[in-house]
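Quick note on labels: first sequence line is chain A, next is B, and so on, each numbered from 1.
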Amino acid sequence: MKLSKNFESKQYEELIYALWEKSEVFRADPHSKKTHFSIAMPPPNETGTLGVHHALFLTLQDIIVRHARMKNLDVLWLPGTDHAALPVNSIIEKQLAAEGLTKHQIGREEFLSRTRKFVSGSRETMLTQMRAVGISADWSRLRYTLDDTLVRVVNETFIAMYKQGVIYRGERIVNWDSVLETTVSDDEVDYKTEITKLYTLKFGPFEITTARPETKLGDKYVVMHPEDKRYVKYKDGDTFKTEWINGEITATIIKDDVVDMSFGTGVMTITPWHSQVDFEIAQRHNLPAEQIIDFHGRLLPICEEFKGMTINEARPKIIDKLATKGLVVKIDDNYQHNVAINSRGGAIIEPQIRLQWFVDVNKKAVSWKNKIVSFKEVLTDVVVNGDITIIPKRFEKVYFNWINNLKDWCISRQIWWGHRIPVWYRIDTDGKEEVYVGLKPPIDDREGFNDWRQDPDTLDTWFSSALWTFSTLIDPALTENMELSFKDLLAGSMDFKVYHPTTVLETGWDIIFFWVARMILATTFMTGQVPFKQVYLHGLVRTKDGKKMSKSRPESIINPIDVINQYGADALRLSLIMGVSPGNDQVFSYDKVQSSRNFCNKLWNIARFVEGMNEGKEISPDLKLLTDADYWIIKKISDAQTLMIKQLDKYQFSEAYDVLYRLVWNDYADWYVEFSKNNTNLSVLILTLQAILALAHPFAPFVTETIWQTLSLKDNSILSSENYFKMPKSNLSRYNNFEEIKNIIIEARDIIHKTGSNETILYYNNSPIIVNYRQAIKRLTGVSDVIEVQDGRGLYLTSTSYHCWLDIDQASARAYISKLDEKIKHQQYILTILNARLNNKEYLRKAPKQLVQDSRLLLQKTQQLLNSLIEEADKFRVK
RNA sequence: GGGUGAUUAGCUCAGUUGGCUAGAGCAUCUCGUUUACACCGAGAGGGUCAGGGGUUCAAGUCCCUUAUCACCCACCA
């Protein structure tokens, strides 16, 4: 087959991907004798389509795993998708609302069937997108968070944690979303600043301030700081009667030091049911809590005439009423305050007290490294002791900070889409509620005793995501057998034994709490192992104006498919790699995509050149380095390869790509290919092309594989399953020979360009090698001839140790003097610096010997160069 | 309130144990259609490395400080 004139990515990508899939080159082999390497793909949410930010992590991980394969490891990259309970639920509810329906009208079953349809469509789209990016995941092991196996593991985990006493059910204050009608975890709450009214109200002898008068309807306690001098005459527990919104009440004074004396009057009333802080005060002082707002966001009957109203309806009416009673002291219209909203869906969060399921993070009941500790302690320990390292390291601080502030994790949700909680209830004969936690409710033969009812709630999405690294490695064939214990499941799963803990987790820093920390929590508990040994955190991909790409601004999201269609998957991948560094955000730009596309085109054309040289010729089977250029490029490639492997091992993607880019463009294309036109050594040309394709393959798999296949570079092999090439030994003096020739060409070219000379001749003597490159020098410099002489004339070349002259006339040479003068000035500057350094006794005493030695050498060289430059300049200076 | 990051060429950014003349891509300008490539080649211009102070033989790199921007956590009744 022949390479077409132009590189048209669209014509090859699908074919190449099909080839990879058919030949199963991405399939992991747990029986392999090779070292095993594993990485679990963070399962993207099945909420529609992927954006370029997904393409970033797919590319990074693909480079990691392709690099590992190139190093001859057995690699498992396990792909998957996430059911994304809350986000998907939110989408479906919005769809329903658009049709004028609610979930209650259609019922749970209908709701779930709609949702399943939506996510499976979404999944198909996403999997197609992933393939389009060229990822080398093991599709035979594709997983989904609602697979039967994963459901089983979720249930086993819940049950095990419950039995261990680290999952409990309790009435706690939770974040309530009254639109989606569910609780959400602390991490899912965002705060939005808002300008609102701040009311100062008269409350008995005190003045209190509030932004939320509607919550004050049931307030009966007034709290102040015990050391507040203004209120010393009031004692904790004192009561007083006062007129309030719905008539006279009896209020009690409470002293508590959480009150900020400097805020407002230093006095506040509390609403324990609807505020975290108030709830904690009430608990400390054993005060009752009363619900004021119901779970749909409407006021309850306790509010009397305001009952049934929404907050927005009631608020002005309450203020009016207070005003007529003369209880409104002041209204500040310009009060800035933070409103809690659900990060998914955007509805306002109302704290509520509810009976919910929680993971206890403080209870010392977790067995880890032969000690009984709390989840918090495990989470801290694994990072402190280096079981897990986080890249970049600064995120360890963020991680520890989060752990320190961590409260019990509310895991139950009232939405329908998700993992149903494995808890069963029934009412006993004496009217008491019985609770059973298990995979299935127990069978009770007695009449009327079998009506166990499953908890209607589902689990937080992140509860199942937390199990991802190991739940995906459990053999699905085993999980159907309910007789097997969880231990049996682990013990019987080959993949788990071989691939867990996974080698590295690659994910975004924005989910370090949601996911990374919780994976550590759940995995250590269930398997006694860490989920991964390293965590590499990438930054976010931002739009050209630096904004976050977000679902709320659909125009900001760039579909990778659009970019791929126009420029190719490799160009997209490379553009995302340019300038990435761990933990730092990056801007997506078409400039980068274009430059990357050009790079792919360069590879393509190099291959076309080699193809042309190769045509109709026999390749000698034994590889022999012949020319200086051969030795030179071999060393360049093997140096670059060593460096790139080192960099990729440290996840320095951008740096490695930079090395590759220079190697391909500045060394291989600009010099070796150019020299091959005159001094061809076909076997080396082909070997070096192969080696370069292998190096580029993790970055740009499609174009490299296309070239590999089209030129049939190695029988019927597939580049994706090749290893990095072992390069033959180079020879430093042959390498240096080529450097000399290069320098001659660069300098001659420069002079000719600067002086505008043409038809010049290059003279030389005392060089044994120049003659070999006569034609190449002619072609690359434009000189009309290269001639050996006893004594040359014209401008003497200063950048080579050979004697070379460029035969240009006096007039042109004079035009070059200003350039020479500049060079002289620069060399003098360097000389000054070097002299100053070497005359510094402290430097000689303290700097490393090698460095001083190098400086001396450089000084010598600089002096030599300077001398010959001055000599040359003088020769042509008009006297 | 606590914390993190950024500040390097017109733009987007590299620069990892401090080491010698600070780099790349894009953009700009000049020259060039030499049969792999105009998605190209050869060159050029462009930087007091945010400001100030310090440590050191040596600072873009380490420390202190100021400023601006971005972000994270906590949350104010």
Side-chain angles (χ1 to χ4, degrees), chain A residues 3 5-7 187 191 198 208-212 215-216 223 258-260 262-271 275-278 336-338 340 392 394-395 397-398 401-402 404-405 509-510 512-513 539-540 544 546 548 567 571 575 578-581 583-592 594-613 647 650 652 654-655 658 661-662 669-670 673-674 676-677 746 749-750 752-754 756 778-782 826-827 829-830 833-834 837 840-848 850-852 854-855 858 862:
Chain A
L3 294 172
K5 172 105 167 63
N6 294 310
F7 173 57
D187 292 300
Y191 293 90
L198 183 69
I208 58 158
T209 47
T210 182
R212 302 204 48 195
T215 64
K216 300 288 149 200
V223 189
V258 297
V259 177
D260 178 0
S262 65
F263 187 89
T265 56
V267 182
M268 66 180 198
T269 61
I270 56 165
T271 318
S275 153
Q276 177 75 38
V277 176
D278 295 4
Q336 199 184 47
H337 105 142
N338 285 337
R394 66 186 147 91
F395 278 97
K397 218 170 173 176
V398 178
N401 180 262
W402 179 80
N404 289 338
N405 291 317
W509 58 256
D510 53 329
I512 185 166
F513 309 136
L540 308 175
K544 216 172 156 56
K548 228 178 186 169
Y567 296 96
S575 74
M578 281 174 85
V580 286
S581 52
N584 291 332
D585 296 350
Q586 60 167 321
V587 171
F588 180 81
S589 87
Y590 280 99
D591 277 354
K592 286 193 202 166
Q594 251 175 50
S595 132
S596 310
R597 190 264 324 263
N598 295 354
F599 178 74
C600 297
N601 183 61
K602 198 72 186 175
L603 279 171
W604 185 260
N605 278 295
I606 286 169
R608 283 186 64 218
F609 171 79
V610 176
E611 182 185 43
M613 299 300 280
Q647 287 167 326
K650 290 193 282 181
Q652 296 175 335
S654 178
E655 290 87 339
D658 205 53
Y661 189 97
R662 278 167 224 265
D670 288 352
V673 165
E674 286 305 325
S676 291
K677 288 174 184 171
I746 290 170
R749 207 147 58 178
D750 184 46
I752 290 167
H753 183 253
K754 291 275 154 31
K778 273 171 71 176
R779 195 167 43 78
L780 292 172
T781 56
H826 187 64
Q827 293 304 317
Y829 166 68
I830 293 167
I833 291 175
L834 287 172
R837 192 173 296 147
N840 182 337
K841 287 201 185 82
E842 290 299 299
Y843 175 72
L844 296 179
R845 208 159 56 84
K846 290 185 181 166
Q850 187 58 46
L851 195 68
V852 176
D854 288 351
S855 296
L858 189 62
T862 310

- Can you tell me how far the CZ atom of A/Phe7 sits from the CG atom of A/Asn598, to the nearest 0.5 Å?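 Answer for the CZ-CG pair, A/Phe7 versus A/Asn598, is 11.5 Å.
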- Query: Going by the angle between their ring planes, with limits at 30° and 60°, are A/Tyr829 and A/His826 parallel, tilted or perpendicular?
  - Reply: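 Tilted: the ring planes of A/Tyr829 and A/His826 meet at 30° to 60°.
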Out of [options], which has the shortest distance to the side chain of [X]?
| X | options | value |
| --- | --- | --- |
| A/Glu655 | B/A24, B/G15, B/C20 | B/G15 |
| A/Arg662 | B/C76, B/A24, B/C71 | B/A24 |
| A/Asn605 | B/A36, B/G25, B/G19 | B/A36 |
| A/Ile606 | B/A36, B/C20, B/A14 | B/A36 |

- Query: Are the side chain of A/Ser275 and the backbone N or O of A/Asp278 linked by a donor-acceptor pair below 3.5 Å?
  - Reply: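 Side chain of A/Ser275 to backbone of A/Asp278: a pair is present.
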Watson-Crick or G-U wobble mate for [N], both contacts under 3.5 Å:
| N | result |
| --- | --- |
| B/G46 | none |
| B/U55 | none |
| B/U61 | none |
| B/C26 | B/G10 |

- Item | Which residue lies more 5' along RNA chain B, comparing A/Val259 with A/Pro848 via nearest heavy atoms |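 Going by which nucleotide is closer to the 5' end, it is A/Pro848.
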- Item | Along RNA chain B (nearest heavy atom to each residue), the more 5'-positioned of A/Glu674 and A/Ile830 |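 In this pair, the answer is A/Ile830.
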Between the protein and nucleotides 40-43 of chain B, which nitrogen or oxygen pairs are less than 3.5 angstrom apart?
residue	atom	partner	partner atom	Å
B/C40	OP1	A/Asn598	ND2	3.2
B/C40	O3'	A/Lys602	NZ	3.2
B/G41	OP1	A/Lys602	NZ	3.0
B/G41	OP1	A/Trp665	NE1	2.3
B/A42	O3'	A/Arg749	NE	3.2
B/G43	O2'	A/His753	ND1	3.3

Review item, nucleotides 1-8 of chain B N/O atoms under 3.5 Å of protein N/O:
residue	atom	partner	partner atom	Å
B/U4	OP1	A/Lys397	NZ	2.9

